[in-house]
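Encoded as structure tokens, the structure appears first; notes follow it.
The model shown is predicted, which means the values in this text are computed figures rather than measured ones.
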Amino acid sequence: MNVDVINAFLTEGMNAFNTMFGIEANPNKPDLLDTGALGHQWEISGLLGLTGQYKGVVAFRLHKLLANKMLELSGIECSEEERNDVAIGLVSEFTNVISGHAVTSLKDYFLDISPPYTIIGQNHVIAWPKNYPVIAIPFTTSYGPFEVDVCFK
């Protein structure tokens with residue numbers, strides 16, 4: 001996998017958190033994700049597809065606690081009944097922002113993104129494309145960790 005692609009998502013993950021929420025996101029060492037492992041720590045995954053010179057999937061994965069803090073810091077007002085749905089929508093939009101900025105910075109690769117969607121629940125399953133590595137880029141914040149996973153052909 002091209003390091004330029006990984007670095008674009010790493011950089012935009014940090015930039016978007018700082019710009020949108022005033023949260024400092026510190027990257028940790030990227031690693032290969034074990035897609036065959038049972039269970040994971042994430043409660044929410046925002047996903048989207050990429051097409052163009054590279055084809056693949058990007059996932060923004062986090063805990064509800066961090067999603068709720070993002071919602072609080074965004075200034076979006078909603079009732080308690082709406083809170084979960086609005087937080088999920090915010091995760092989808094944030095996935096779109098990270099990916100949109102990364103794709104823009106990779107304009108020489110002629111990439112395009114699909115609309116984002118979100119999966120929620122403990123140990124939810126992502127059916128990653130077979131035979132392609134998934135690079136996990138972990139981050140830490142003062143409100144908890146998150147991860148940007150990229151899988152490209």
Side-chain angles (χ1 to χ4, degrees), residues 5-31 33-52 54-107 111-129 132 134-152:
V5 174
I6 295 168
N7 284 338
F9 284 92
L10 186 147
T11 299
E12 293 309 328
M14 291 186 304
N15 290 345
F17 255 91
N18 194 351
T19 302
M20 293 177 71
F21 309 110
I23 297 174
E24 184 177 339
N26 298 302
N28 297 306
K29 183 180 178 242
D31 205 358
L33 184 69
D34 181 0
T35 58
L38 297 176
H40 56 80
Q41 65 174 320
W42 310 113
E43 297 170 308
I44 305 172
S45 293
L47 300 153
L48 59 74
L50 285 131
T51 60
Y54 288 96
K55 293 168 183 49
V57 177
V58 175
F60 167 58
R61 306 176 85 185
L62 68 162
H63 298 284
K64 285 182 183 179
L65 180 67
L66 181 55
N68 284 326
K69 191 61 175 179
M70 291 165 58
L71 180 59
E72 176 187 320
L73 293 171
S74 74
I76 297 171
E77 294 186 25
C78 59
S79 68
E80 277 304 311
E81 295 80 31
E82 299 172 312
R83 188 171 189 76
N84 193 46
D85 288 341
V86 174
I88 290 167
L90 181 62
V91 168
S92 285
E93 186 53 34
F94 191 71
T95 304
N96 197 38
V97 168
I98 291 173
S99 299
H101 288 173
V103 164
T104 299
S105 74
L106 295 165
K107 62 183 178 288
L111 299 173
D112 198 15
I113 57 176
S114 71
Y117 59 97
T118 303
I119 302 172
I120 59 173
Q122 290 288 103
N123 289 319
H124 59 268
V125 176
I126 297 174
W128 293 101
Y132 306 121
V134 180
I135 305 297
I137 307 166
F139 293 84
T140 55
T141 75
S142 56
Y143 301 106
F146 71 93
E147 189 171 273
V148 177
D149 296 338
V150 292
C151 175
F152 294 109

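Aromatic ring centres of Phe146 and Phe17: separated by under 6.0 Å.
The side-chain contact (heavy atoms from CB on, under 4.5 Å) check on Thr11 picks up Asn15, with sequence neighbours excluded.
How far CZ of Phe60 is from CH2 of Trp42: 9.0 Å, rounded to the nearest 0.5 Å. Distance check: Ile137 CD1 to Glu12 CD gives 11.5 Å after rounding to the nearest 0.5 Å. Note that OG of Ser45 and CG of Leu62 are 8.0 Å apart. Values are rounded to the nearest 0.5 Å. In this structure, CG in Asn28 is found 7.5 Å from CG in Asn26, a value given to the nearest 0.5 Å. One distance of note links OH of Tyr143 with CD1 of Ile23; it measures 6.0 Å at 0.5 Å rounding. In this structure, Asn123 CG and His40 NE2 are separated by 5.5 Å, a value rounded to the nearest 0.5 Å.
Taking 4.5 Å as the limit, every side-chain heavy atom of Arg61 sits out of range of all side-chain heavy atoms of Gln41. In this structure the side chain of Pro145 reaches within 4.5 angstrom of the side chain of His63, judged on heavy atoms. Side chains of Val5 and Tyr54 form a contact here, defined as non-hydrogen atoms less than 4.5 Å apart. Two residues are said to be in side-chain contact when any heavy atoms from C-beta on lie closer than 4.5 Å; Val57 and Trp128 meet this criterion. Using a 4.5 Å heavy-atom threshold, the side chains of Leu10 and Val148 count as separate. Residues Ile135 and Phe9 fail the side-chain proximity criterion, which asks for heavy atoms closer than 4.5 Å. You'll find the side chain of Ser142 stays beyond 4.5 Å of the side chain of Glu24, heavy atoms only.
What you find for Leu66 and Gly144 is that their closest heavy atoms are CD2-O, 4.0 Å. Here the closest non-hydrogen pair linking Cys151 and Tyr132 is SG-CB, 3.8 Å. Closest of all the heavy-atom pairs between Ala59 and Ile126 is CB-CD1, 4.4 Å.
For the side chain to side chain contact (heavy atoms under 4.5 Å, CB included) with Val134, the lone residue among Asp31, Val150, Asp34, Asp149 that qualifies is Asp149. Tested against Thr51, the residues Ile113, Asp112, Leu111 include a single side chain to side chain contact (heavy atoms under 4.5 Å, CB included) partner, Asp112. Applying the side-chain hydrogen bond (donor to acceptor under 3.5 Å, both in side chains) test between Ser79 and each of Glu77, Arg83, Glu82 identifies Glu82 as the sole match.
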Which pairs of donor and acceptor atoms, one on a side chain in residues 67-74, lie under 3.5 Å apart (sequence neighbours left out)?
| residue | atom | partner | partner atom | Å |
| --- | --- | --- | --- | --- |
| Asn68 | ND2 | Lys64 | O | 3.3 |
| Lys69 | NZ | Glu72 | OE2 | 2.9 |
| Ser74 | OG | Leu71 | O | 2.7 |
| Ser74 | OG | Ile76 | N | 3.2 |

Side-chain donor-acceptor contacts of residues 90-103 below 3.5 Å, not counting sequence neighbours, with atom names and distances?
| residue | atom | partner | partner atom | Å |
| --- | --- | --- | --- | --- |
| Ser92 | OG | Thr118 | OG1 | 2.3 |
| Thr95 | OG1 | Val91 | O | 2.8 |
| Ser99 | OG | Thr95 | O | 3.0 |

### Task
For Leu50 and Phe152, run side chain to side chain contact (heavy atoms under 4.5 Å, CB included): C-alpha distance rounded to whole Å, both residues' side-chain angles, the deciding distance at 0.1 Å, then the answer.
CA-CA 8 Å; Leu50 285 131; Phe152 294 109; 3.1 Å; yes
